[in-house]
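Some notes on the structure that comes next.
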Amino acid sequence: MDKQKVAAILDEIGTLLELQGESSFRCNAYHNGAQAIEQLEEDLATVVREGRLADVPRIGDTLREKITVLVTTGHLPYYEELRKKTPPGLLDMLRIQGMGPKRVKLLHDKLGIDSLDKLERACLDGEVAKIKGLGEKTQQKIVEGIHFLRQMGSRVRVDLALALADRLREGLAQAPGIHRMELCGSLRRRRETIKDIDILIASDDPAPIMDRFVALPGVVQVIGHGDTKSSIVVEGEGRTLMNADLRIVNDAQFPFALNYFTGSKEHNIAMRVRAQEYGLKLNEYELSGPHRHIAARDEADIYKALDLAYIPPELREDTGEMEAAASGRLPHLLEIGDIKGVFHCHTTYSDGANSAEEMALAAKALGLKYLGLADHSQSLTVANGLSPQRVRQQQAEIDRVNATLKGFTIFKGIECDILPDGQLDYPDDVLATFDYLVASVHSHFNQSREEMTARIVRAIRNPHVTMLGHATGRLLLKRDAYPVDLEAVLQAAAETGTMVEINAHPARLDLDWVHCKRAKALGVKLVVNPDAHAADDIALYRYGVDVARRGWLERGDVFNTKTLAETTQALAARRSASRS
DNA sequence: GCCGTTTTCGGCCCGACTGTTTTCAGTCG
């Protein structure tokens, strides 16, 4: 059982215990444990086998035992018992805005409600309002919450959320009296999917800004409207519905509020614990002690007051950044301007929308110095994969375009299918004509974990392969990763010097940030690629830079930060090595 | 259930908002 699954089960146990009315601390221990497992960089089965679970923070004796049973046997009787005791509909009810474990339990105990449908019916019949502690308004909010839940998927891709957030910010920017405005929350930390949009404003006159916020175009519901905090549901591109919160503080409070609302929750707790060690109290308004009050112009001042280097938002997950910041070992993170070119782009030769020349000009306009074209290989007929003859045609075309470009080069690549047995999709003489190869899995997703791992490792060991494309094949919020032992894949890449792509397309973000950290630890070189299928898509590599930053990567960890001359030389060296 | 340079027991982040309340519980982030 993989760690995502184990983490999901631990998390669900925490929730089920909440519904039983268990102590919140005990419940949180399961939620915390789930997070610890999810963010584990290593292979969970290995850690369990080598008896190193006890070294993982937030995993104690009880959780260690349960995780071990789960990993070794594939199931956990304790969890199954708990599930049997709890109707599945209660978990759905928990997802309603304003419904927590106490109210779900109350409604279940008093009215026997165990599903969204029954809850909606009870609200419409006025039964819910009759319960002591609830009332007409709560009943109405529950109906609205159910309606919202049915329309909205729970999380939204980071690019869609960012576009919606930008629209809100533009709308707000016209309000009077705004000193500063920033995005916070998971959007500022650049998580791959986003639950809601958090905006923070510094102002001395919040009321008109709040009034403007709840009346912005696209607002479909006002959940709360207070002096310092308001909450709305807003509609974005493709009828995406999202929650958005606005907080307003004064300018002196702004850095503390920005830090607090950026999170993560775990990072905040670590920060407060550190403040306590300094005899100080940290909250969203101030950092202060009994005899002093620490002023801050920006977030860096807060970190400085606690003897920490400034921690970029992407690292704030309580996965070692506090220790690194305290000892001056924070990485100097990759920046968007470090990227000099990208390697995984498609043209009209396969399933892209633009020609080689159009793609090159678009890349050049973005300030890039080179572009790798990697259309699909012949087996992928649905994507118009290239026969050896069409490979030759495309390469001739690239030569013609290259002759017209100054200070810019198109590299001849291919996104070569990894066939079910791990072989590549062309004979060696064709493979030898490319400047580089991206090897990817596009078929037979239902192979066993062992088969899939062996298949990918075999491709990695093939000297023609320059880099592995989208390592797990996941499509965020749509399709799970195929089963694969990433640890084995990364180790093979480390041994052979094969690079691993960070597929930056916001639908993929694959390799993910957790495994970027692992790849770096193993010495694997990463490549940020947009997987562009149109000229406009090339700029998507920015989302891969976000992943790299969350994965603690520095410029030297990423191949496509090299200059054109260095890249040309490095690719040529690899090619001559693979031919010999 | 986890954790420990004040603790192996007794803590565990905390403030805003809402609704249903006459002083607070529940939810959220």
Side-chain angles (χ1 to χ4, degrees), chain A residues 10-11 13-14 16-18 20-36 53-67 78 93-107 128-142 144-145 184-189 194-200 206 210 214 222-232 243-249 253 256-287 318:
Chain A
L10 293 178
D11 200 56
I13 291 175
L16 292 171
L17 290 173
E18 282 168 0
Q20 307 276 319
E22 261 294 344
S23 132
S24 61
F25 300 114
R26 188 166 170 232
C27 302
N28 275 335
Y30 280 93
H31 293 307
N32 293 337
Q35 186 142 34
L53 257 189
D55 302 337
V56 179
R58 296 179 286 179
I59 302 296
D61 290 343
T62 309
L63 284 181
R64 194 193 62 224
E65 227 168 85
K66 291 197 161 75
I67 293 165
Y78 174 76
M93 289 164 63
L94 220 39
R95 295 170 59 215
I96 300 168
Q97 182 88 241
M99 287 282 282
K102 298 264 166 50
R103 283 181 182 163
V104 171
K105 189 172 188 312
L106 181 69
L107 287 166
V128 171
K130 290 182 194 161
I131 294 177
K132 189 171 155 58
L134 306 176
E136 287 288 343
K137 283 208 167 175
T138 306
Q139 181 172 267
Q140 183 53 35
K141 288 223 161 190
I142 292 174
E144 285 171 9
C184 336
S186 54
L187 210 40
R188 182 161 181 246
R189 302 199 314 279
I194 306 293
K195 194 154 105 8
D196 42 37
I197 296 168
D198 298 296
I199 300 174
L200 179 70
M210 282 301 183
V214 298
V222 178
I223 297 168
H225 183 180
D227 291 340
T228 65
K229 178 188 172 183
S230 291
S231 194
I232 57 171
N243 273 323
D245 294 342
L246 174 63
R247 299 268 187 158
I248 303 182
V249 295
Q253 295 167 332
F256 302 101
L258 179 61
N259 192 244
Y260 182 89
F261 292 116
T262 297
S264 64
K265 196 177 76 181
E266 292 73 21
H267 178 80
N268 287 353
I269 291 170
M271 286 288 282
R272 277 192 290 269
V273 167
R274 184 152 180 110
Q276 278 171 17
E277 288 165 5
Y278 281 67
L280 297 167
K281 195 184 93 166
L282 177 65
N283 60 26
E284 60 260 59
Y285 304 116
E286 60 183 6
L287 176 62
D318 194 26

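Below, chain A is the first sequence line, B the second, and so on; all start at residue 1. The shown structure was predicted, so the numbers you read here are calculated from the model rather than taken from an experiment.
- Going from the C1' atom of dG11(B) to that of dA16(B) covers 25 Å, rounded to whole Å.
- Heavy atoms of I248(A) sit nowhere under 4.0 angstrom from any nucleic acid atom.
- A distance of about 14 Å separates the P atoms of dC13(B) and dG4(B), rounded to the whole Å.
- At dG29(B), one or more side-chain N or O atoms of K195(A) fall inside 4.0 Å of OP1 or OP2 (strictly under the cut-off).
- For R247(A), counting side-chain heavy atoms from C-beta on, the closest listed nucleotide (dT20(B), dT27(B), dA16(B)) is dA16(B).
- Rounded to whole angstrom, the span from the CG atom of D245(A) across to the C1' atom of dC17(B) amounts to 11 Å.
- N243(A) and D196(A) make their closest contact through O-CB, 3.1 Å (heavy atoms, listed as atom of the first residue, atom of the second, distance).
- For the pair R189(A) CZ and dG29(B) P, the computed distance is 13 Å after rounding to whole Å.
- A pairwise comparison of heavy atoms in P57(A) and A36(A) identifies O-CB, 3.6 Å as the closest pair.
- Atom C1' of nucleotide dA16(B) and atom OH of Y285(A) are separated by 7 Å, given to the nearest angstrom.
- To the nearest angstrom, C1' of dG26(B) lies 15 Å from CD1 of I131(A).
- With dG1(B), dG29(B), dA16(B) as the candidates, the nucleotide lying closest to the side chain of R26(A) is dG1(B).
- For H31(A) against D11(A), the heavy-atom pair with the smallest separation is ND1-OD1, 2.8 Å.
- If you take CE of M210(A) and P of dC17(B), they are 7 Å apart, rounded to a whole angstrom.
- Of the C1' atoms belonging to dG1(B) and dT5(B), the separation is 24 Å, rounded to the nearest Å.
- Residue N32(A) is out of contact with every strand shown, counting any heavy-atom pair closer than 4.0 Å.
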### Query
What do the steps show when you test L16(A) against Y30(A) for side-chain contact (heavy atoms from CB on, under 4.5 Å), and what is the final call?
CA-CA 10 Å; L16(A) 292 171; Y30(A) 280 93; over 6 Å; no
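- Across every non-hydrogen atom of L94(A) and P101(A), the tightest pair is CD1-N, 3.5 Å.
- We find that CG of L200(A) is positioned 14 Å from P of dA16(B), with the value rounded to whole Å.
- A gap of 23 Å separates the C1' atoms of dT20(B) and dC14(B), to the nearest Å.
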### Task
Treat primed atoms plus P, OP1 and OP2 as sugar-phosphate and everything else as base, then score nucleotides 2-14 of chain B 5' to 3': B for base contact with protein heavy atoms under 4.0 Å, S for sugar-phosphate contact only, - for none.
SS--------BBB
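- For Y278(A), the side chain to side chain donor-acceptor pair (under 3.5 Å) test picks out R274(A), D307(A), with sequence neighbours left out.
- As rounded to whole Å, 12 Å separates atom P of dG19(B) from atom CD1 of I142(A).
- For K141(A) and F261(A), each mapped to the nucleotide of DNA chain B holding its nearest heavy atom, the one lying further toward the 5' end belongs to K141(A).
- Distance CD (E266(A)) to P (dG29(B)): 14 Å, rounded to an integer number of Å.
- Comparing atom distances between the Q97(A) side chain and each of dT27(B), dG19(B), dC28(B) picks out dC28(B) as nearest.
- The base-pairing partner of dC3(B), taking Watson-Crick or G-U wobble contacts with both distances under 3.5 Å, is dG10(B).
- Take the nearest nucleotide of DNA chain B for R103(A) and for K66(A): the residue whose nucleotide is more 5' is K66(A).
- Among all heavy-atom pairs drawn from M93(A) and M99(A), the shortest one is O-CB, 3.4 Å.
- Look at the C1' atom in both dT8(B) and dC3(B): the space between them is 9 Å, to the nearest Å.
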### Query
Under the side-chain contact (heavy atoms from CB on, under 4.5 Å) criterion, do K281(A) and N283(A) qualify, and how do the steps go?
CA-CA 7 Å; K281(A) 195 184 93 166; N283(A) 60 26; 3.7 Å; yes
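- No side-chain N or O of D318(A) forms a donor-acceptor pair with one of H267(A) less than 3.5 Å apart.
- Checked against dC17(B), dG19(B), dT27(B), the side chain of T138(A) finds its nearest nucleotide in dG19(B).
- At the heavy-atom level, D227(A) lies under 4.0 Å from the strands shown only through sugar-phosphate atoms.
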